[in-house]
Asker: 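Below you'll find the structure I mean.
Reminder, nothing fancy here: chain letters follow the sequence lines and each chain counts from 1.
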Amino acid sequence: MRPEPGGCCCRRPVRANGCVKNGEVRNGYVRSSAAVTAAAGQIHHVTENGGLYKRPFNEAFEETPMLVAVLTYVGYGVLTLFGYLRDFLRHWRIEKCHHATEREEQKDFVSLYQDFENFYTRNLYMRIRDNWNRPICSVPGARVDIMERHSHDYNWSFKYTGNIIKGVINMGSYNYLGFARNTGSCQEAAAKVLEEYGVGVCSTRQEIGNLDKHEELEKLVARFLGVEAAMAYGMGFATNSMNIPALVGKGCLILSDELNHASLVLGARLSGATIRIFKHNNMQSLEKLLKDAIVYGQPRTRRPWKKILILVEGIYSMEGSIVRLPEVIALKKKYKAYLYLDEAHSIGALGPSGRGVVDYFGLDPEDVDVMMGTFTKSFGASGGYIGGKKELIDYLRTHSHSAVYATSLSPPVVEQIITSMKCIMGQDGTSLGKGCIQQLAENTRYFRRRLKEMGFIIYGNEDSPVVPLMLYMPAKIGAFGREMLKRNIGVVVVGFPATPIIESRARFCLSAAHTKEILDTALKEIDEVGDLLQLKYSRHRLVPLLDRPFDETTYEETED
Amino acid sequence: MATAAEQWVLVEMVQALYEAPAYHLILEGILILWIIRLVFSKTYKLQERSDLTAKEKEELIEEWQPEPLVPPVSKDHPALNYNIVSGPPSHNIVVNGKECINFASFNFLGLLDNPRVKAAALASLKKYGVGTCGPRGFYGTFDVHLDLEERLAKFMKTEEAIIYSYGFSTIASAIPAYSKRGDIIFVDSAACFAIQKGLQASRSDIKVFKHNDVADLERLLKEQEIEDQKNPRKARVTRRFIVVEGLYMNTGTICPLPEVVKLKYKYKARIFLEESLSFGVLGEHGRGVTEHYGISIDDIDLISANMENALASVGGFCCGRSFVIDHQRLSGQGYCFSASLPPLLAAAAIEALNIMEENPGIFAVLKEKCQYIHRALQGISGLKVVGESLSPAFHLQLEESTGSREKDVKLLQEIVNQCMNRRVALTQARYLEKEEKCLPPPSIRVVVTVEQTEEELEKAASTIKEVAQAVLL
């Protein structure tokens, strides 16, 4: 195996320290070394990837410090011990049992779910449950109003106090381009369509639910993506789970990234194809699987595979990493596989014109066989799409599970997508969309740089608006979420099972709607909480930047 | 003794060695060397047999030609060219430029273009915008969602309800949230596609019973009981589910729920009930098939329905006891991993529920209209009505198939087209022919709504009659 490219190592295999150090140096945003940084990146990729990358690709996953890892395991150990103790007390009715119970009449049925399945929920999740499902009562924009709630029974149930925590800085919503708004052209257009069409459709695309609006949307999406045709679906999750089975089946092979989203996993599973997993964003692992698949064919029967489909995502939502698309495309061409690219988080959020990861790397959309994405995030709507060659879309129009059995997109939602997409494309006659894209890119770089300077361990690509900040210890998940909310900042914290057991993290999603003031406030509070909870694990302290003005961290700088 | 004998043999051997002639020794020496060579040399090269050289591998990779990503679709595929609806798909619908009365959309209660529903949705749009920009867990829970869940639970008289952002994903996520590998699901053979996908995702053992045949279900349950007695340890951890639909989408028939409930207690299997067609249709207050039969809702473990038919919004919900429903909040895939329902759609659903609660009379009106057209459509030569007379969605099938599905579909499409020309919008029920477990015969689906007047129902029936006569005879 070739050595891991420095600084972009995959997270799962144990990394050599030098490798990380290397990456850290390159990730430094020290002004004087900016040119060197870019050059190093270039040279590195010339040697490693035959000049596939037109831009520096800086991705880092700093190794978990040994002491932190040990303490994290100890933390889980203690929690588990106490969990058993409390389960014991509950069993003997010494501690009050809060959870819902089976009906008396059905006590002798086989239990609906296994007790041990719920051990984690009961004893670990329940302690910090208040950090999730926080109900909001406003637009999920840069600031959001959260409904205050209290629990008198240790998070088993919540009571709403009736108070509203106003103006909480929203670092959790996937509102990348800031189109989640209740004013402006998108809202007005959606309102008009709502009054004309109503909200429902009450039929499927193939029956009588194919509105002129849907056709208009699909033409626009195809133009936006630069593909021949596109099709839109009512739910992003279902776009994956209901279309992959239409594309591949028995005798086909799916090569899937280990960190792919649940919808891709479900779609792959429903398709009946054989699934093999490659290491996250690891091209050596992918190439080996491709080579072996073609050389050895199907297991047992030894017949050659009918086709091979590679499933990758644009931005991985828990890691903040960007797919190494140029390399994936090179491999896919070399081995004649097909590529399914899920741009749920990257569409709108990446690339100089917001057209996703293909645009970001300056590649040809024709090289990606299936371009999938969602309207939920950057477009502030809901639903998903698939774009590609006309033959592909024709086939999906006739064979997609969604087109035959599921209700089509709601017209006002369609209108929101159309208006916001036109805005991004600059077709509304303003440069508003372009401005949003640039703002997001600037916010991303600024926010990531500042967090790194503070000494947090930050995962992912420097250009990814998804910013995971490592917390590691289970107790810190709850503490971080609560402390931030106390300081009027809403963040997302995630732990097992969404992440590996010791890699609990907080995740910030940047938005074009965040102003410099908002980000600075958030950063100041994060800094404070970071000190309070001792979260600054990074052992590669960076030299703080020489007061670089915010608006100078430009996007163009990295373009060449 | 033995050692003495062995020693003697040894001495003899040494003696023989001395006495043997030189040529003999040389010959034996050569033989020994030969044997050693035979033992240690390989007769064939393993390397050559199994491992491919890099060059051969390259050749194989070069040689391999995958199938195209998708097979070509013929230009005249019946499902390729969709009808285009301009404007709202409400009572009066413009299909491919022709203005028709809508007998195809599942807008049973006519709530799709209800001004109150629109106003509620608009108010929500002005407050929240369109999208939620997140799953329920991560700031995607809006107060509207909590309201809707509470309202649905109250309406259905259950402890708790959970909403999904897509109707199809509701039951398809709910089934695998409970039923795992090794569990057993008894399912009706006419179950809709969403159920089929849920079954597939659960990876449980699937036992299909004949459509609406309680005896067949009991037979399977009995078989399983006998199986369980053989292996009681396994039986103790094997969950059993019966999955049925209230009104069957594919047949328009109603589920014999009282008998199924009896079997539930007899054989200790839980019932999952899909009510997408019957919710907001059956029963005095539109609570669905449980109210229709007067069955206590607690006897059903889980009820799932979409909000895309009677409620004329988008999304779906499950309801039941908290013990059951709450489990989905962490294990329902379509709930956890998907963006939540746009608040304006939730607000529309709440308003639709309000209207349903305020006008319980509409369910009787709907029922009357169903029965009316059902009667009017009897006795068309060549077409038979399939489905219950109280079902607002039922099927017209060919009395006699031409022998090929393709031809049947073409014939029915001709009827649909001609009806469309005469201002009656109908559609064929579409299926993925290769994917369906039990593919229903081709059919035209007729949908009744409360907005259709008696004259319109009359006209539709006579139009269908005349057109069918012209096409089929």
Asker: Please state whether the side chain, the backbone, both or neither of L80(B) comes within less than 4.5 Å of a heavy atom of chain A.
Answerer: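 Its backbone and side chain both get close to chain A.
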Asker: Please look at Y335(A) and chain B and tell me whether the side chain, the backbone, both or neither of the residue comes under 4.5 angstrom of a heavy atom of that chain.
Answerer: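 Both backbone and side chain.
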Asker: What part of Q206(A) lies closer than 4.5 angstrom to a heavy atom of chain B: side chain, backbone, both or neither?
Answerer: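 Its backbone and side chain both get close to chain B.
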Asker: Does R397(A) qualify as a cation-pi partner of Y82(B), given the criterion of NZ or CZ under 6.0 Å from the six-membered ring centre and within 45 degrees of its axis?
Answerer: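 Flagged: R397(A) positioned over aromatic ring of Y82(B).
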Asker: With a 4.5 angstrom heavy-atom cut-off, could you sort out which part of F375(A) is near chain B: side chain, backbone, both or neither?
Answerer: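 Neither part, no heavy atoms under 4.5 Å.
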Asker: Would you call K389(A)-E391(A) a salt bridge at under 4.0 Å N-O?
Answerer: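 Salt bridge: no.
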Asker: Of the non-hydrogen atoms in Y338(A) and D369(A), which two are nearest, and what is the gap between them?
Answerer: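 Shortest heavy-atom separation between Y338(A) and D369(A) comes out as CA-OD2, 3.4 Å.
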Asker: Please report the closest heavy-atom contact between C336(B) and Q328(B), naming both atoms and the distance.
Answerer: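 Result for this residue pair: SG-O, 4.3 Å.
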Asker: Where on S105(B) is there a heavy atom nearer than 4.5 Å to chain A: the side chain, the backbone, both, or neither?
Answerer: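 Contact with chain A: backbone and side chain both.
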Asker: Can you say whether L345(B) sits under 4.5 Å from chain A via the side chain, the backbone, both, or neither, judging by heavy atoms?
Answerer: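 Looking at L345(B), just its side chain touches chain A.
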Asker: Heavy-atom distances under 4.5 Å only: say whether S263(A) touches chain B with side chain, backbone, both or neither.
Answerer: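 No part of it gets close to chain B.
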Asker: Between R205(A) and E218(A), is the closest basic N to carboxylate O distance under 4.0 Å?
Answerer: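 Between R205(A) and E218(A) there is a salt bridge, with a charged N closer than 4.0 Å to a carboxylate O.
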Asker: S322(B) versus chain A, heavy atoms under 4.5 Å apart: side chain, backbone, both or neither?
Answerer: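 For S322(B), backbone and side chain are both near chain A.
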Asker: Please state whether the side chain, the backbone, both or neither of L69(B) comes within less than 4.5 Å of a heavy atom of chain A.
Answerer: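 L69(B) touches chain A through backbone and side-chain heavy atoms alike.
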Asker: Is chain A contacted by the side chain of V416(B), its backbone, both, or neither, given a heavy-atom distance below 4.5 Å?
Answerer: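 Contact with chain A: none, neither part.
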Asker: Could you tell me whether Y166(B) and F237(A) have their ring centroids closer than 6.0 angstrom?
Answerer: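 No, too far apart.
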Asker: Could K57(B) and D292(A) be called an ion pair, given the rule that one side-chain N must be under 4.0 Å from one carboxylate O?
Answerer: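 Result for this pair is no, no salt bridge flagged.
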Asker: Please rank N131(A), L247(A), V201(A) by heavy-atom pairs under 4.5 Å with chain B and give me the top one.
Answerer: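 Maximum pair count with chain B is reached by V201(A).
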Asker: Considering only heavy atoms and a distance below 4.5 Å, find which of M147(A), E195(A), R181(A) pairs most often with chain B.
Answerer: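 Among M147(A), E195(A), R181(A), the one with the most close pairs to chain B is E195(A).
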Asker: Heavy-atom distances under 4.5 Å only: say whether A269(B) touches chain A with side chain, backbone, both or neither.
Answerer: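 Backbone only.
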Asker: Could you check whether the rings of Y405(A) and F193(B) sit parallel, tilted or perpendicular, using 30° and 60° as the cut-offs?
Answerer: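 Because their plane-to-plane angle is under 30°, the rings of Y405(A) and F193(B) count as parallel.
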Asker: Relative to chain B, which segment of V491(A) carries a heavy atom at a distance below 4.5 Å: side chain, backbone, both, or neither?
Answerer: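 The backbone, not the side chain.
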Asker: Non-hydrogen atoms of chain B under 4.5 Å away: do they reach the side chain of H214(A), the backbone, both or neither?
Answerer: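 No part of it gets close to chain B.
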Asker: Under a 4.0 Å threshold between the charged nitrogen and the carboxylate oxygen, would D108(A) count as salt-bridged to K268(B)?
Answerer: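 Salt bridge: yes.
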Asker: Could E159(B) and R321(B) be called an ion pair, given the rule that one side-chain N must be under 4.0 Å from one carboxylate O?
Answerer: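 So E159(B) pairs with R321(B) through a salt bridge.
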Asker: Given a strict heavy-atom distance threshold of 4.5 Å, which part of V370(A) is in contact with chain B: side chain, backbone, both, or neither?
Answerer: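 Answer is side chain: those atoms of V370(A) sit under 4.5 Å from chain B.
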Asker: Mind ranking L311(B), L112(B), V95(B) by heavy-atom pairs under 4.5 Å with chain A and telling me who comes out on top?
Answerer: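 Highest number of pairs under 4.5 Å: L112(B).
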Asker: If I measure from the heavy atoms of chain A, does E436(B) come under 4.5 Å with its side chain, its backbone, both, or neither?
Answerer: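 Interface part for E436(B): side chain.
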Asker: Could you label the plane-to-plane angle of the F109(A) and Y265(B) rings as parallel, tilted or perpendicular, counting under 30° as parallel and over 60° as perpendicular?
Answerer: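 F109(A) vs Y265(B) ring planes: perpendicular.
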Asker: Taking every non-hydrogen pair under 4.5 Å, which of Q416(A), E215(A), H399(A), H401(A) racks up the most with chain B?
Answerer: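 Ranked by heavy-atom pairs under 4.5 Å with chain B, first place is H401(A).
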Asker: Cation over ring, R270(B) on F241(B), under 6.0 Å and within 45°?
Answerer: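 Pair R270(B)/F241(B) does not count as cation-pi.
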Asker: Considering only heavy atoms, which portion of L309(A) lies under 4.5 Å from any heavy atom of chain B: side chain, backbone, both, or neither?
Answerer: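 The side chain, not the backbone.
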Asker: Which atoms of K336(A) are under 4.5 Å from chain B, going by heavy atoms: the side chain, the backbone, both sets, or neither?
Answerer: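 Backbone plus side chain of K336(A), per the 4.5 Å heavy-atom cut-off to chain B.
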Asker: Can you tell which part of I146(A) gets under 4.5 Å to a heavy atom of chain B, answering side chain, backbone, both or neither?
Answerer: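 For I146(A), the side chain is the part near chain B, not the backbone.
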Asker: Between L344(B), V447(B), T141(B), L111(B), which residue shows the highest count of heavy-atom pairs closer than 4.5 Å to chain A?
Answerer: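 Winner by heavy-atom pair count: T141(B).
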Asker: Decide, yes or no, whether a salt bridge links K234(B) with D228(B) under the criterion of side-chain N to carboxylate O below 4.0 Å.
Answerer: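 Salt bridge: no.
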Asker: Say whether N240(A) and Y340(A), considering side chains only, have a donor N or O and an acceptor N or O under 3.5 Å apart.
Answerer: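 A pair is found: one side chain offers a donor N or O, the other an acceptor, under 3.5 Å apart.
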Asker: Relative to chain A, which of Q428(B), E62(B), K434(B), K126(B) shows the most heavy atom pairs under 4.5 Å?
Answerer: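 Highest number of heavy-atom pairs under 4.5 Å: K126(B).
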Asker: Quick check on P342(B) against chain A: is it the side chain, the backbone, both or neither that has a heavy atom closer than 4.5 Å?
Answerer: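 Contact with chain A: side chain only.
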Asker: Counting only non-hydrogen atoms closer than 4.5 Å, does E56(B) touch chain A with its backbone (N, CA, C, O), its side chain (CB onward), both, or neither?
Answerer: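 Neither part.
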Asker: Counting only heavy atoms closer than 4.5 Å, note whether D326(B) contacts chain A via side chain, backbone, both or neither.
Answerer: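 Answer is neither: D326(B) stays 4.5 Å or more from chain A.
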Asker: Quick one: what part of D299(B) sits under 4.5 Å from any heavy atom of chain A, side chain, backbone, both or neither?
Answerer: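 Interface part for D299(B): both.
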Asker: Name the member of G234(A), G172(A), S203(A) that forms the most heavy-atom pairs with chain B at distances under 4.5 Å.
Answerer: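 Maximum pair count with chain B is reached by G234(A).
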Asker: What residue, out of A339(B), P89(B), G134(B), has the most heavy-atom pairs lying under 4.5 Å from chain A?
Answerer: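 The candidate making the most pairs under 4.5 Å is P89(B).
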Asker: With a 4.5 Å cut-off on heavy-atom pairs, point out which of T238(B), I93(B), L60(B), L122(B) contacts chain A the most.
Answerer: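 Sorted descending by pairs with chain A, the first entry is L122(B).
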Asker: When you check the gap from the basic side-chain N to the acidic O, do E207(A) and R445(B) get nearer than 4.0 Å?
Answerer: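 Salt bridge: yes.
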Asker: Would you call the rings of F142(B) and H145(B) parallel, tilted or perpendicular, where under 30° means parallel and over 60° means perpendicular?
Answerer: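 Ring orientation, 0 to 90° scale: perpendicular.
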Asker: State whether a side-chain donor-acceptor pair under 3.5 Å links N175(A) with Y139(B).
Answerer: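 Their side chains do not contain a donor-acceptor pair, so the 3.5 Å distance test is not met.
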Asker: Is it the side chain or the backbone of P135(A) that comes within 4.5 Å of chain B heavy atoms, both, or neither?
Answerer: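 Contact with chain B: backbone and side chain both.
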Asker: For A190(A) and L125(B), which heavy atoms make the closest approach, and how far apart are they?
Answerer: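 Closest approach of A190(A) to L125(B): C-CD2, 3.9 Å.
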Asker: Considering only heavy atoms, which portion of F379(A) lies under 4.5 Å from any heavy atom of chain B: side chain, backbone, both, or neither?
Answerer: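 Nothing of F379(A), per the 4.5 Å heavy-atom cut-off to chain B.
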Asker: Go through the atoms of L341(B) and report whether side chain, backbone, both or neither lie under 4.5 Å from a heavy atom of chain A.
Answerer: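 Contact with chain A: none, neither part.
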Asker: Taking atom types as modelled, find out whether K264(B) and Q106(A) have a side-chain donor-acceptor pair closer than 3.5 angstrom.
Answerer: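 Yes, a side-chain donor-acceptor pair sits under 3.5 Å.
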Asker: Need one label for P343(B): side chain, backbone, both or neither, based on atoms under 4.5 Å from any heavy atom in chain A.
Answerer: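 Looking at P343(B), nothing touches chain A.
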Asker: Could you have a look at D298(B), T132(B), D113(B) and say which one has the most heavy-atom pairs with chain A under 4.5 angstrom?
Answerer: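 Winner by heavy-atom pair count: D298(B).
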Asker: Output yes when E160(B) and R329(B) qualify as a salt bridge under the 4.0 Å nitrogen-oxygen rule, no when they do not.
Answerer: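 Counted as a salt bridge, because a side-chain N and a carboxylate O are separated by less than 4.0 Å.
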Asker: What are the two closest heavy atoms between V324(B) and D301(B), and how far apart are they?
Answerer: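 Looking at all heavy atoms of both residues, the closest pair is CG1-O, 3.8 Å.
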Asker: Go through the atoms of S138(A) and report whether side chain, backbone, both or neither lie under 4.5 Å from a heavy atom of chain B.
Answerer: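 Only the backbone of S138(A) comes within 4.5 Å of chain B.
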Asker: Between V493(A), T101(A), L409(A), V413(A), which residue shows the highest count of heavy-atom pairs closer than 4.5 Å to chain B?
Answerer: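 Top count of heavy-atom pairs under 4.5 Å with chain B: T101(A).
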